Student: 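Quick one: the structure is below, questions incoming.
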Amino acid sequence: MDTPAQTKRFLDAVLFREIWKAMKVTFKHMLHRPMTFQYPREKRTIPDAHRGALGLLRYDNGQERCVGCDLCEVACPSRCIKVISEEDKSLPLQRYASEFYIDITKCVFCGYCVEACPVNALAMTKMYEYSTHDKRTLLFDKERLYDIGEQHLEDAKKYLYAHNQEDDDEESRAYRYHFPQPIGKTEAPDS
Amino acid sequence: MALKPVTTPDTEAATISLSIDGETVTAKEGVSLYDVISSMGKIVPAMCYHYTFDPFGSCGMCLVLQEGKKSPVRSCTAKATEGMVIRTDGDDLFAARKKAVEKHLSVHPLDCPVCDADGHCELQDMAFEHQVTDLANAKQKHIPEDTRSLVLDFNMNRCIACGECINICKDVQRIDALQFMKKGGFTQVVAKGDHALDCEFCGDCLAVCPVGAITNKFSKYVYKPWQLRKTTTTCNYCGDGCQMYVETKDTEVVRVTSPLSWKNKWGDRVDTINGHSGLCVRGRFGFQFIDSKDRLKEPLIRKETGLVPTPWIEALDTTAERLAHVKSRYGSEAIAGLMTARCTNEELYVFQRFMRTVLGTNNLDSSARYGHMNFVRAVHHALGINRMMNTSADITKAKAILVVGANVTETNPVASLRVKAAIGTYKASAIVVDSMQTNLAKLASHPAMVKPGTEGTFVKGLVKSVLEQDLIDPDLASQDPQALAALKAAAHTISLETVAEETGVPVEMIQEAARVFAEAPRSVIVCGEGILRQHDGYDHTLSLIDLAWVTGKLNKPGCGINTFAEEGNEQGAVDMGVAPEFLPGPEAYEQATARQKFSEAWGSTLPDAQAGKSLVEILEDCRTGKIKALYVVGENPLATLPKSFGVEEALSQLELLICQDPFMTETAQHAHVVFPACTFAEKDGTVTNQEGMVQFVRPALDPLGESALDWHIMVGLANGMGHALPYETTQDIQAEIRRLLPGYYNLGQPRPVAPDPTAYLRNGYAESVDARYGVRGRTQESGRPYGLKLIQLIYHSGKLSTKASGLMDISPNTGALRMSLEECERLGIAEGGRVRVTSDQGSLELGVQADVNMLPGTCAFPEHFNDPPVKDLVRVVVDPVTRVPYFKSTQVTIEKL
Amino acid sequence: MAHLEDQRETIYKVDPAHPETRDLPILRTEELLLNMGPQHPATHGVLKVILDLEGERITKSTVVMGFLHRGVEKLAEHGTYHQFIPHTDRLDYVCAMYNNFAYCRAVEKLMNVTVPERAEYLRTIVAEIQRIIGHLFWLGTQALDIGAMTVFFYTFRDREILLDWFDELCGARLTTSWYRIGGVERDLTASLETKIRDFLAYFPPKIDEYVVFLEKNRIWLARTVGVAVISAEDALGYGLSGPTLRGSGVDYDLRKYESYGAYPKCEFSVPVGKNGDTYDRYWIRIEEMRESIKIIRQCMDQMPKEGPVMADVPSVTLPPKNRVFTNLESMIQQFKLFSQGFDAPPGEIYCGTEAHKGELGFYIVSTGGGNPYRLKIRSPSFIHMGAFDFMAKGYMIADAVTIFGSYDIVMGECDR
């Protein structure tokens, strides 16, 4: 090893040069805008694709979209959905979910239920603030899920578009599914 | 094979060989090519095929290529012939099959989400398997759904016109309730004549429907197949012992399905001689009682305020204490027990052991006493056997079937299909003797409609006719000349003319029936409640044995005498010794060696041979105060026996009445203690069907509420009385039964019975036969022209089915007397009119409904209902030998109101 | 009392050569058994290590695992193949994308599904981003464990940026479930594409920044150079893989050997160490980040601009949702795949993938039907912990943290 290099090493060691170098980087960052933000006051913008709390949706005319087909239940990897279906008492021969539960404590927010739903009755929203002191309130029932769907309808729609679940045009939203009609009603329903 | 069986019991088809996918296969000539392929283990898709009926050939999926033919052929309708060269696989065939699926899909509605068949749908499977995508020109039919029927909904949008429903109804059930009809431009399945479907509702069409075109109203929209847990168990309604799947979701029963299904379509049609694995209306739609709201959920003890819910431990303690008190104060003889045969073998066994060893009494009986015991006692006495002689295969293959007083299509619908198959598929002659126009009578070659209560007389007429026409088995003269002579002498006392007059059947008819029966190579007798539950049932059963014996049909293969048990596990109740005259086995109670064996096994002395009272005597002794405590398990004598028998008085005399039942029965309302029991769907054990097959009952649900297994309660009581029974699990009981009755658990393959009449014929036969054939007037209440019968409906079984809401929807209590149309017209009763029915026991006002099955001079009321209490019009007559109470028929007068 | 006398005897042993020590107590030496974890901040989860110490030196270490056992392999047997993807998120929970990737590759191999070209590029890009995230996470925590706190803040700052993209891409930052059997769930958005391109310029200087903190730092060097040395032979013998193996000078990288995804179409080098010590493993990870940037840049350039991101195999892949509403056959496909899954051919396959920790392999035994008969996960963390006793022997107690830190263990993957 030649002398200048040795001298440099010696000086480096004595003067703690690598520390000064690192301190330079650190001091540079002191002039930076903070990376953090103050959460409850400031909130991050959440992307449309975000997989937040689930909500149930209605058609524009107010009819529940869910037909109680249980496909979300079977698609769920954590088995947190429970659908109880039956014939709608007010609309003969229409199947609907009389009860619908999502145990949000078990939910892994994978979005499979939305992917599975053949009528796009489910969507994920940007809602994430539902912490509670009482775990029992985290069993979301049908009413609460429809509430979430109503309050976050725009987010839910954006979610469906973002994940290619629905196209953002009128045609794809057309209600294509026909319930069977009782035999008393002879004319075919206008599609 | 799906084609009509080429190999019948009489002829054997020629063997041919053909090549399938390069493999040489041998087959019987004339069978369907499809069956030959499937017998190799290759599965060619087919949606309209099911092995139980003739191939229909509508779906166009089972295409195969035959060498020498340009286009693929449908293998189901093609017959296998010698030298065929067949290819079943290949891209061209795949494409052709895919086209066939596309054809069905293009008119199918987009309603998988709401369809009940989704996930259990052959069209889905086929579409997925053949990777159908992007269908051009798909359109929907928009046919309204037919929901008029009580049980089944027909959604013809989903129908693929495979015709399986129509074919199974026609070929297997022989009901023919469905048909194709061109309607609104589409071929649709409708009930005959496009009315609301009103049939037996066996639901086989539902089971074989490969799509969701036929759906079950009772579980419509409430499930998807993947949510259900399937438990294979044995149906509890009748003695057929059908296997079924109880499908549950959490704690409720959603539906019941059968092994018969489109998923289970490959088989040999010859196999159907052992049953088609379907169910009847009761099994399939009568499941609601299992999780009924009326179920008892906790033990009740009578206090000042009535029956009060009590914790188990207190209830058991109190009851055990009171039983011990009765035992010490009045002796064991003052205690008696009744049990329903619907319980499992293990429970029946524990019950009789509990009664005999812990309580020390032989006063115990089961519901088999109501009729089945007549048969068992008769064949036990005469032939040394304890159950029916033939298997269902024997019955199907019979050449002549004598059905006496057995409305088996109503009481045992699935077993009756064997008789129907014998008549329809194998062209057997059937002699149906009944006082009603039963379904079998309509199919039979020799329907003999007798006057009410004269079925037994007709049998004697047959014996007489056999002797007269010399149709006697030639071997008899050498084997048992004395017995034959005695029978001939006894038969001298009756003449065919008297029989004809009494029964209302012409002499020629009797003669011909006797000829048909005696000359057929394989003749079987099926007798039922018309014999066993009517006056002199025991004697008449012996006459049937005479008939079989004298025509040589006792020991020949494929011949025999049979009965179908009306209640589940009646045979098991007899086998487990729940009767004062039997020990488990069944071995005769009076036999000292048998008593010795069991008393050693149980480490306890058994009551004396003379002790022991049967059902009727127990109730009589209750009334006179000799019996102080009665333990009733699942039985309901108060609702079963007529009022004139005084059951209510008898029960009110008791110091302790313990009722153990899933429901609050009429008897339980009088009880001091009520224990909540489980239904069969919560039990683990075995039952024995009428053929002697021991079959599993598996728990589909946990016991409801605090209800407990029957044997658990008995063991609890035994412990409370300081006499522990060594059982912790059902397996413990089974191990004991296995040790004491080796070979009883036969895995559904009962040992054939070997009837041996020798001892019977050589010891005292002459006297008994003389007495039986002696002139005896009809037990007829004078001056009352109508025969009133308490009949069974196909939709019900005992009282249990009245707790099943589905069956009550299908067949509610109309409260009306059933009479023939002619009779209604003659009396001038319009539909919905009312009449007064009077018997010697009293009189009753009730409505009338016309019933095409009734004969003039008879009227009937379903025995399942007590409102109005028609049963109270009947007087109980007790059989002198078997102590069977007869209360199913009487003579009445009918006045129009 | 006799017992006490015995004790006194041993403690106050008199050395005959030095009678003056008669009244002085002689210090007794004995082995110390130290339980480290499971609640220890440096164990990266709930790992427990029982250390036999002689003074401060480790003579033997026993690794106790299973505190985070969730039966993931068993869970796989009870769901469809598709349903297992979210469970893989929770194996190595800081790098979910790579687990998804490894699993999907295994199932694709079983089902013989070819992924469309654009999807292959997307998968590679996201996998490399995930590798950067993984290495940043490792770097930050390793430095923190050793005592350098500053680096942690800088690496996590950049990691946050990347995680937010994941949120934008698939809706979740950590539990991504973005990969699908036969492709990916969703295409890149235009904004994400721009962001990635910007990042390619932004990130390399940042790597230099981290290096400034550590490379010459004398404490860092003292704690890493020559610590936990393992020779190439031993490393192979213990089944090590990834940077841990390459640190010992073995040039083994599945991205090169198996050439999956878009890797064969990219030029990149595999950094290989010489000494097999902790410092080399650190250096390899730094270099790999630089290589990842290269790979991403090439992929972005080569990737077809248009094209499907899901294979179209009706018997395996889900139909596009808009077809489900209108076509019966797609509806049927949807129902069959979700309720019963696809029918896998009977057989068994193993498929390894180079995750940033090492070789992550899925071994699937299928007997036909919709769910695997058995699924085994070869997780690098678990295999690496097998070498811990060997590598820690003779080192100081404080080095234990450095050693298992240098494997980059995550207990979610280790215990499964």
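All of these numbers come straight from a predicted model, not from anything done at the bench. Each chain gets a letter, A, B and so on, in the order its sequence line appears, and its residues count up from 1.
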Student: Can you tell me which of C:Arg90, C:Gln340, C:His87 forms the most heavy-atom pairs within a distance under 4.5 Å of chain A?
Tutor: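 Most heavy-atom pairs within the cutoff with chain A belong to C:Arg90.
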Student: Might you confirm whether atom CZ of A:Phe27 has over 12 heavy atoms from other residues, nucleotides or ligands at distances under 6.0 Å?
Tutor: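 No, CZ of A:Phe27 has 12 or fewer neighbouring heavy atoms, counting only those of other groups under 6.0 Å.
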Student: Tell me, yes or no, whether the heavy-atom count around A:Tyr39 atom OH, taken from other residues, nucleotides or ligands under 6.0 Å, exceeds 12.
Tutor: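 Yes, the 6.0 Å shell around OH holds more than 12 heavy atoms from other groups.
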Student: Nearest 0.5 Å please: distance from the OG1 atom of C:Thr176 over to the CZ atom of A:Arg51.
Tutor: 7.0 Å
Student: Of all of C:His78, C:Glu209, C:Glu160, which one pairs up most often with chain A through heavy atoms under 4.5 Å apart?
Tutor: C:Glu209
Student: Which one of C:Ser330, C:Cys170, C:Ser177 has the most heavy-atom pairs closer than 4.5 Å to chain A?
Tutor: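 Result: the option with the highest number of such pairs is C:Cys170.
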Student: Tell me if the CZ atom of A:Arg136 is crowded by more than 12 foreign heavy atoms within 6.0 Å.
Tutor: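 Count not over threshold, so no.
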Student: Heavy-atom cut-off 4.5 Å, strictly under: side chain, backbone, both or neither for A:Thr26 against chain C?
Tutor: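 Interface part for A:Thr26: both.
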Student: Under 3.5 Å, sequence neighbours excluded: what are the donor-acceptor pairs made by side chains of residues 106-124 of chain A?
Tutor:
from, atom 1, to, atom 2, distance (Å)
A:Tyr112, OH, C:His82, O, 3.1
A:Glu115, OE1, C:Arg180, NH2, 2.7
A:Glu115, OE2, C:Arg180, NE, 3.4
A:Asn120, OD1, C:Lys321, NZ, 2.9
A:Asn120, ND2, A:Gln165, O, 3.0
A:Asn120, ND2, A:Glu166, OE1, 3.0

Student: For atom CD1 of C:Ile219, decide whether the heavy atoms of other residues, nucleotides or ligands shown that lie under 6.0 angstrom number more than 12.
Tutor: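 Atom CD1 in C:Ile219 is not packed in, count stays at 12 or less.
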Student: Between C:Val324, C:Thr189, C:Asp167, C:Leu318, which shows the greatest number of heavy-atom pairs under 4.5 Å with chain A?
Tutor: C:Asp167
Student: Would you check, one step at a time, whether the test ring pair (Phe, Tyr, Trp, His ring centres under 6.0 Å) holds for A:His29 with C:Phe153?
Tutor: CA-CA 11 Å; A:His29 279 88; C:Phe153 293 122; over 10 Å; no
Student: Give the table of side-chain donor-acceptor pairs shorter than 3.5 Å for residues 69-77 of chain A, with sequence neighbours excluded, one pair per line with atom names and distance.
Tutor:
from, atom 1, to, atom 2, distance (Å)
A:Asp70, OD1, B:Gln227, NE2, 3.3
A:Asp70, OD2, B:Gln227, NE2, 3.2
A:Glu73, OE1, A:Val83, N, 2.9
A:Glu73, OE1, B:Gln227, NE2, 2.9
A:Glu73, OE2, B:Gln227, NE2, 3.2

Student: Under 4.5 Å heavy-atom distance to chain A, tell me which part of C:Leu75 shows up: side chain, backbone, both or neither.
Tutor: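 No part of it gets close to chain A.
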Student: If you count the non-hydrogen atoms of other residues, nucleotides and ligands that lie under 6.0 Å from CD in C:Glu77, is the total more than 12?
Tutor: yes
Student: Just so I understand: if I count every heavy-atom pair under 4.5 Å between each of C:Gly171, C:Ser339, C:Gly79 and chain A, which residue has the most?
Tutor: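 Among C:Gly171, C:Ser339, C:Gly79, the one with the most close pairs to chain A is C:Gly171.
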